[in-house]
Structure formats: C-alpha cells, structure tokens
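Down below is the structure, laid out as structure tokens.
One-based numbering, in listed order, for ligands and for the atoms of each. Residue numbers start at 1 and run along the sequence shown.
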Amino acid sequence: MGSSGDVNWKLEDHPKLPKGKTIGLIVLDGWGESDPDQYNCIHKAPTPAMDSLKNGRPDTWRLIKAHGTAVGLPSEDDMGNSEVGHNALGAGRIYAQGAKLVDQALASGKIYEDEGFKYISESFEKGTVHLIGLLSDGGVHSRLDQVQLLLKGFAERGAKRIRVHILTDGRDVLDGSSVGFVETLEGDLAALRSKGVDAQVASGGGRMYVTMDRYENDWTVVKRGWDAQVLGEAPHKFKSALEAVKTLRAEPGANDQYLPPFVIVDDSGKAVGPIVDGDAVVTFNFRADRMVMHAKALEYEDFDKFDRVRVPKIRYAGMLQYDGELKLPSRYLVSPPLIDRTSGEYLAHNGIRTFACSETVKFGHVTFFWNGNRSGYFNEKLEEYVEIPSDSGISFNVQPKMKALEIGEKARDAILSGKFDQVRVNLPNGDMVGHTGDIEATVVACEAADLAVRTILDAIEKVGGIYVVTADHGNAEDMVKRDKSGKPALDKEGNLQILTSHTLKPVPIAIGGPGLSAGVRFRQDIETPGLANVAATVMNLHGFVAPSDYETSLIEVVDK
Ligand SMILES: O=C(O)[C@@H](CO)OP(=O)(O)O
Ligand SMILES: [Mn+2]
Ligand SMILES: [Mn+2]
C-alpha cells in the first residue's frame, strides 16, 4: 500500500474550526434522494430524524453525487455501489476503480502482458482454464462484456479447454435477466467450439446462495460453490446452463440471487468441469468484498472454514488483487487501484480516536473499504472497530430492522464514553432490504435506520458534538424500473419491473449538532460535488485542513 515513509502526515490546524468535538459520522447504505412517490420507500417510511435534518436547513443539507465518474466508475450510466462509495468517502479523492482499470487493461491488451496472465497461461496447453464469477452487466462486481473479451483473449492465446462457472445476479440487474445473460454466454462458447476450443459452462448458482458471501457471514455459501465448481457436486444436474437456469427459475419463489447450485453433466451423468490438478482458475469479479472468502478457499494451504475434500494444485489469479494487506490472491490479472493516504490513516497520525461499527454484512464497508481496501487498524491504540453479527441464512426482507437498533446503541455508547473523536457507522437497512425488491419490508427497513439515526443524533446532542449524515449510493428511494420519462416501465405482460439494484440518484449529506461552529455552511460554488468531497469536510470538522490533493471540502465558515 502507499503508506510510504516520506509522507508528511501532520495535518495543519484549521484557521477557524476548533478541535476536540466528537463527530458522529453516519453512512446510510442505499439511501438516495428521489421524487416522492409510492415506490420511494424512504418517502413512504416515517423518517422524522432524517426529515429534521433537511427541512428548512438549506445551509446544512444538500445533495452530492454518488455514481459514475464522481466515484471513479467508467461512465455516468454506472450506478454507485458500496465499494466505490466508501472508497471515495474515506479516501477523499477519486480513483479509477476496478471496472475502469479492467476496461483499460483489456482495451490496451496489457492484461495479457502482465505476470498474472503469464502465470495462468502456463496451464493452457495441458490443463483447463476455469472462469468463475458473476454473470451480468451490472458493473458492480463484474461485467459480461469483460468476460466475453477474456474468453476470446484466452482462446486466441492458446487456451484449449475452457470451463465457466456462473453466478446468477438479479441484484444489480432485474430478476430473471439471468436467462438472457446465459444465452449470450452460450452463444460465445458455441463460437469458440466452432473454432476447436472445448468450451462450456460447468456449474452455476445464485450469487447470494453460492460463492459470493462476504465478511465471513456464512461460509456454507462459499462451500456450496466449492462443491459445484471444484468437486463437480451439486443437488441439481443439467445438460446445459440454459436448461438449468430456465428449470430452476420455474420453481415457485425462485429468484436469480438465490438459485440453488447446479452442475452441468455429460451424457453419462459425469460433471463436465470439476477443477483438477494442473488447471488454471480465474475469478473474474473485479470487486473485492464478495471474492475474498472464495479466494482464501482457492489459495490458502491452511484452511479450516469447511472441509474442501480435495484441494487441486491450480494456478489461480483474481481479476484484481482483492485484499492489498493480505496480498490475496497473490496473482491477479489487473493491478487494483492504489488507494493511499486515506483520511483514516491521516486522522490516526493526528491523534484522532476512531470507533467504527456496523453489522457483519456491512462491517468491511466502514473499515476495509473506508480505509482504501485495507484490513486492520492503522493504530490499534486509537481505533476500535466493532462488528455486530448479522443474521445469516435469511433474506433480509424477513428481518428488515436488521441490527439497526444495536448499531445505534453501540454508537451512542461510544459517543457518550468520551473515548472517541469520531464514531462512524454504516446503517445497512435501506440497501440490504432494498435488494430483496420487497417494497413493504423496505419501508420498515428505512424507518428502522431512521430510528438509529435518532439515537446517534441524541447522543451527539448530549456531548455537544457534530453529526455528519450521508449515504454511499441510492437504492431504497426507487424500487421500480422506469422509462425515459420517469414513469414505471412495464414488461411485455404489463407487469411492474421491481428494481432490486442501486440507482443513479444523488445522496443527501447533512451536518449539524451543538458542536458545529456558528457560520459553518455548505459552499454553493463547487461544481457537482460528490462523495469524495466528504473526507476533507470531516477533517475540517475535526479542526484540520485537509491535504491539498484531496477533493475540496464542502463547507465554508462565514462570519456570524
Ligand atoms: O450486495 C452487494 O454486493 C452490492 C450489490 O451487488 O451492494 P453494496 O454495493 O451496497 O454492497
Ligand atoms: Mn452500499
Ligand atoms: Mn447494495
């Protein structure tokens, strides 16, 4: 990482703002600003705490950008997501993110010149190359067009046998879209076969049930993927991926995010693509959080999270390196963004005592992502990170309140303890429940998050502190797909299309509390500010001037 010795970590004193105020920093996950209608769950939910920050307070409430180029994504059509959002919030600068770096490496061909590709391509002659990842064009964890280019590139460079292990999405894209993505992939694989490459899909399953768990919430999810991908074992067996997805989707209540694991078998019933000694494996997701557990299973010799049964000797590379601190995986096709000198690291060097908390499903967001994809503390004497265990094995519309109350109380206690200067939380409800597509449950989720906000604001009030309330991207504020004019878009049968994904909407930011100096207000002269402007703002509120290359602070101090 970039914590090089020659960095001057000392932050200058802010000329006007005092030090020593406790800051409550709240990130509402998946909480954007949109028109108030019946598909806006934040509007439908009673949210008195959030409303009180906005109404009648133009100087201390505003909107900021949370998607597209403002957070380092390739285009303005890219919705925001937690990784890029928290990276920007914590790092205070905009970095070209994984999606864009992979695009560039593919376009220039550099991806095939670097060590990672050379390493895996050693297996092309005698072994099979397996590609594992999320099959959609969501652009949050992976993108289908990148997979298509990789398949072509591998075949042109000598891959003789290719197996693809797919994870269906339905979370960053519409539920049901898996079928179309599989059709596209099957078309590409058929084209490769016509050129003499033995290429097919070998296994699959829904992303939330197979492989893509995160932050060690539920290892059985990773195990299901291992069994299908490596051992060639799954409860469902099909002759083709298209048949698999179509059949499994026809089950009552089926959903792309949660399709059960399946393997593709040949006429004799044998799995067509288990991973064996001498093979190469590429995980093609560029995003880190939901690949780290899987990468550990693929790479670590000592591994005790589940019984792997058989551990093939493979050449493994990630699309990116997913954890810079753990150097995991050790081989990768594209170098990840080098996010250095994050606000967390600066503040630790300047004596700021930080408490960070969320529940498991978002814990790494306010720690790992916030700190530039770095796990662990900068200074364990000054920092405390608390993870509240999430419910596991359920879809969050069943428990939409999640652990909001507990997070609120932990933050309250940390604020009242006087032991911390910054108390930072992520409240996951709007996002995690929004992803289920269950509108009623999402309304309950938003109310629960708002109650937690209230608890934290009350504690800040008691200690004379400052609050900063914002969000990482939209989700719960818009739950339907819309046409160009903004009206709900209906499918061919005339049904509403429920939007489970994030959105392109801006997010609110509010500052206030008894510790906020008179005369502090949001500047109006910054052109399209975004999440990356928050870090400098928070540094100011701690009484420091931000480093000069940080995106500018959102606030100014006028004489009162
Ligand atoms: O659940 C996730 O992995 C993503 C959506 O794919 O959501 P978020 O970016 O909010 O973590
Ligand atoms: Mn998020
Ligand atoms: Mn999300």
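- Taking 2.8 Å as the threshold, D29 counts as a candidate ligand of the Mn ion (ligand 2), since one of its N, O or S atoms lies below it.
- At a heavy-atom cutoff of 4.0 Å, ligand 1 is contacted by no atom of D472, backbone or side chain.
- With respect to the salt-bridge test (charged N to carboxylate O, under 4.0 angstrom), the residues R454 and D450 do not qualify.
- Distances shorter than 4.0 angstrom do not occur between any heavy atom of M212 and any atom of ligand 1.
- A salt bridge links K54 to E33: at least one charged side-chain nitrogen sits closer than 4.0 Å to a carboxylate oxygen.
- Salt bridge annotation for D172-R287: absent, with no cationic side-chain nitrogen under 4.0 angstrom from a carboxylate oxygen.
- Each of the atoms 1 (O), 2 (C), 3 (O), 5 (C), 6 (O) of ligand 1 lies under 4.0 Å from some heavy atom of R207.
- Ligand-side atoms of ligand 1 in range of D172: 5 (C), 6 (O), range being under 4.0 angstrom from any heavy atom.
- Using a 4.0 Å cut-off between charged nitrogen and carboxylate oxygen, K65 and E76 count as a salt-bridge pair.
- In this structure, atom 8 (P) of ligand 1 lies nearest to the protein heavy atom S82 OG, 2.9 Å.
- Ion pairing of K100 with D78 is absent here, as no side-chain N (NZ or NE/NH1/NH2) approaches a carboxylate O to less than 4.0 Å.
- Close approach of ligand 1 to D29 is summarised as follows: ligand atoms under 4.0 Å from at least one heavy atom of the residue are 10 (O).
- Looking only at N/O/S atoms, D472 comes nearest to the Mn ion (ligand 2) through OD2.
- For N426, every N, O or S atom stays at 2.8 Å or more from the Mn ion (ligand 2).
- With the Mn ion (ligand 2) as vertex, S82 OG and H473 NE2 subtend 120°, rounded to 10°.
- In this structure, D323 does not pair ionically with K296, as no charged nitrogen and carboxylate oxygen lie closer than 4.0 Å.
- Salt bridge absent: E299 and R331 never bring a charged side-chain N and a carboxylate O closer than 4.0 Å.
- Two residues are said to be in side-chain contact when any heavy atoms from C-beta on lie closer than 4.5 Å; L89 and V538 fail this criterion.
- Contact annotation for M79 and ligand 1: no heavy atom of the residue comes within less than 4.0 Å of the ligand.
- Residue, atom and distance of the protein heavy atom nearest to atom 4 (C) of ligand 1 are H141 NE2, 3.8 Å.
- Listed by atom number, the atoms of ligand 1 under 4.0 Å from R290 heavy atoms are 1 (O), 2 (C), 3 (O).
- Comment: D169 engages R207 in a salt bridge, judged by a side-chain N to carboxylate O separation of less than 4.0 angstrom.
- Geometry note: the Mn ion (ligand 3) is the vertex, H435 NE2 and H502 NE2 are the arms, and the angle is 90° (rounded to 10 degrees).
- Atom numbering of ligand 1 starts at 1 in the shown order; those under 4.0 Å from a heavy atom of H473 are 10 (O).
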